[in-house]
Amino acid sequence: MKIEQIYTGCLAQGAYYIESEGEAAVIDPLREVQPYINKAQRNNATIKYVFETHFHADFVSGHIDLSQKTGAPIVYGPNAVTGFDAHVAEDGEVFELGKVKIKVLHTPGHTMESTCYLLIDENGQEKALFSGDTLFIGDVGRPDLAQKSDLTINDLAGFLYDSLRNKVMTLPDDVIVYPAHGAGSACGKNMSKETTDTLGNQKQTNYALRADMSKEQFIKEVTDGLSKPPQYFPQNVMMNKQGYESIDVVMNRAAQALSPEAFEAAANETGAVLLDTRNAQVFNKGFVPNSTNIGLNGQFAPWVGALIPDLKQEILLITENGQEEETITRLARVGYDFVIGYLDGGFESWEASGKEIDTVESIDATEFATRLASEEAPLVIDVRRPGEFSAEHVDGAINLPLDYIDENLSEFPKDKPFYIHCAGGYRSMIASSILKARGIENFIDINGGFGAIQKAGIKTTDFVCPSTLKK
């Protein structure tokens, strides 16, 4: 028996490959499915099942493509209604895979079709729980992503409490928990950086599994401090439920290398978003005017999802040479299927053609400290999330989170200079590029963000432990 966790850091997502006696199953696959097929072929195995723990909100699963390419049925738990052929399993249904068995445990709460899959080894021992978004390491799934007209957040949280107590916590303590997500995912609020653990240890350390916790306490604690979910989540859910174009079609449409002249013409003719995925401190030195910087080196897909509202928005790419395919793949993972081409040769070709470029003024924290000491009442805008800002910030700064930059655009002054920063420089450069594209240019970015600001000895507010704050 083989269990392999295939973890994708930029999405904080775990897919799973299970194999026994030449038969394999994949749980919660990513959009690009060829790696699973290749893995099975290398092992002389046949993919027999594609299991889905629920209708994912934060990424587009590869279940449809994987099923079509292998002939393996797609399996969901009870209550699932799909726009494609799928086997909707009964609670307790068992699937044989070589010498092992996979048992369906219906665990509604995060969503009503949420299901865990219990792996039973060849000796009949319960060995592993693929818990989806029902149970994370250090947390449980948020209950506010699947509301229906007749169900409240509290209703869903109550279902989740019952699922955990009656289906999950009754399992042996040595069962290994394999969740669908880790720290950085918006599907929970307190996830650990660890991506697996024993159930017994989670009973001891996970706040939501306390033995003495009543349902009322559970509902209060699980629903408290939930941030607004990203706007693209409902759209990803619908793609996962109803279907989508094959990843092959998406990749072929996007694989259009455009000269600077053709790139400029496409931008003018289509109204496409110009997305530059280079590192922030490369982007700031020169970029195509009106392009938005969201670097591949950070939480790329979630920030694209947060800042580009329409999944059908056409996109033109500027990337480092050789990163075009990776960028297109990452966009497709969260449903952005309409990349229509990329700048051949990257920004260097644009610059070499003599076309107009733009820049962002960026200074280091030492220079920032010098300027603060010499300026009267300088304006500092912090684009971190409210919880980060409340924990500690530059004395006198104001908080305008990147997540809501479009809603807060009028709050950025147009006639007064200001400084802008985030935690490390990634988000502030995204904000800087958006401000530039909106015609706001009277600002200076702080390279290195709040981390560098602290090291430079700049006065900040007293630290407040984040555990005492809402996320």
Side-chain angles (χ1 to χ4, degrees), residues 15-16 18 25-29 48-64 66-67 72-97 100-120 126 128-136 140-171 175 177-181 187-188 199 208 215 218-219 222 233-234 236-243:
Y16 297 92
I18 307 158
V26 181
I27 298 178
D28 294 338
K48 188 177 181 181
Y49 302 110
V50 180
F51 291 106
E52 288 286 336
T53 56
H54 63 296
F55 293 123
H56 306 283
D58 61 313
F59 72 100
V60 179
S61 178
H63 53 302
I64 298 174
L66 188 55
S67 176
I74 302 168
V75 179
Y76 277 94
N79 295 334
V81 178
T82 68
F84 46 84
D85 290 337
H87 177 87
V88 178
E90 297 180 1
D91 188 24
E93 188 171 345
V94 174
F95 296 84
E96 294 188 356
L97 187 77
V100 304
K101 295 178 180 179
I102 297 176
K103 183 178 180 180
V104 173
L105 300 182
H106 184 213
T107 51
H110 175 66
T111 64
M112 289 307 292
E113 81 284 349
S114 280
T115 294
C116 298
Y117 295 102
L118 178 63
L119 180 65
I120 302 169
E126 297 171 335
L129 184 72
F130 301 94
S131 58
D133 284 18
T134 295
L135 175 61
F136 299 125
V140 293
R142 57 192 295 172
D144 63 328
L145 301 183
Q147 296 177 72
K148 296 181 180 179
S149 59
D150 57 341
L151 290 175
T152 66
I153 295 175
N154 286 355
D155 290 335
L156 288 161
F159 287 131
L160 183 58
Y161 176 88
D162 292 337
S163 294
L164 290 165
R165 263 62 187 175
N166 300 331
K167 294 289 185 65
V168 174
M169 294 176 68
T170 58
L171 298 172
V175 163
V177 177
Y178 291 104
H181 293 292
C187 292
L199 179 58
K215 181 181 286 191
F218 177 90
I219 292 172
V222 167
F233 272 25
N236 276 194
V237 169
M238 290 309 297
M239 291 179 72
N240 285 319
K241 290 180 71 171
Q242 299 301 326

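Keep in mind that what you see is a predicted model, and the values were worked out from it rather than measured.
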dist I219:CD1 -> I153:CD1 (nearest 0.5 Å) comes out at 11.5 Å
Rounded to the nearest 0.5 Å, what separation is found between the CG atom of L129 and the SG atom of C116?
4.5 Å
Test your reading of the model: is there a side-chain donor-acceptor pair from H110 to the backbone of R142, 3.5 Å cut-off?
yes
Would you confirm whether the ring centroid of F84 sits within less than 6.0 angstrom of the ring centroid of H63?
yes
Under 3.5 Å, is there a donor-acceptor pair between the N236 and H56 side chains?
no
Output yes when D162 and K167 qualify as a salt bridge under the 4.0 Å nitrogen-oxygen rule, no when they do not.
no
Between T134 and T107, do the side chains contain a donor N or O and an acceptor N or O under 3.5 Å apart?
yes
Can you see whether D91 engages H106 through a side-chain donor-acceptor pair at a distance of less than 3.5 angstrom?
no
For residues K48 and P73, report the shortest heavy-atom separation together with the two atoms involved.
O-CD, 3.1 Å
If you compare all heavy atoms of N240 against all heavy atoms of S61, which two are closest, and at what distance to 0.1 Å?
OD1-N, 2.8 Å
Is any side-chain heavy atom of M112 closer than 4.5 Å to a side-chain heavy atom of L151?
yes
Does the gap between the ring centers of Y161 and F218 come in under 6.0 Å?
yes
Relative to the ring of Y76, is the ring of F55 parallel (under 30°), tilted (30 to 60°) or perpendicular (over 60°)?
tilted
Is the Y49 ring parallel, tilted or perpendicular to the F95 ring (thresholds 30°, 60°)?
perpendicular
Check: T53/D28 side-chain N/O donor and acceptor closer than 3.5 Å
yes
Rounded to the nearest 0.5 Å, the CG atom of L135 sits from the OG atom of S163 at a distance of 11.5 Å
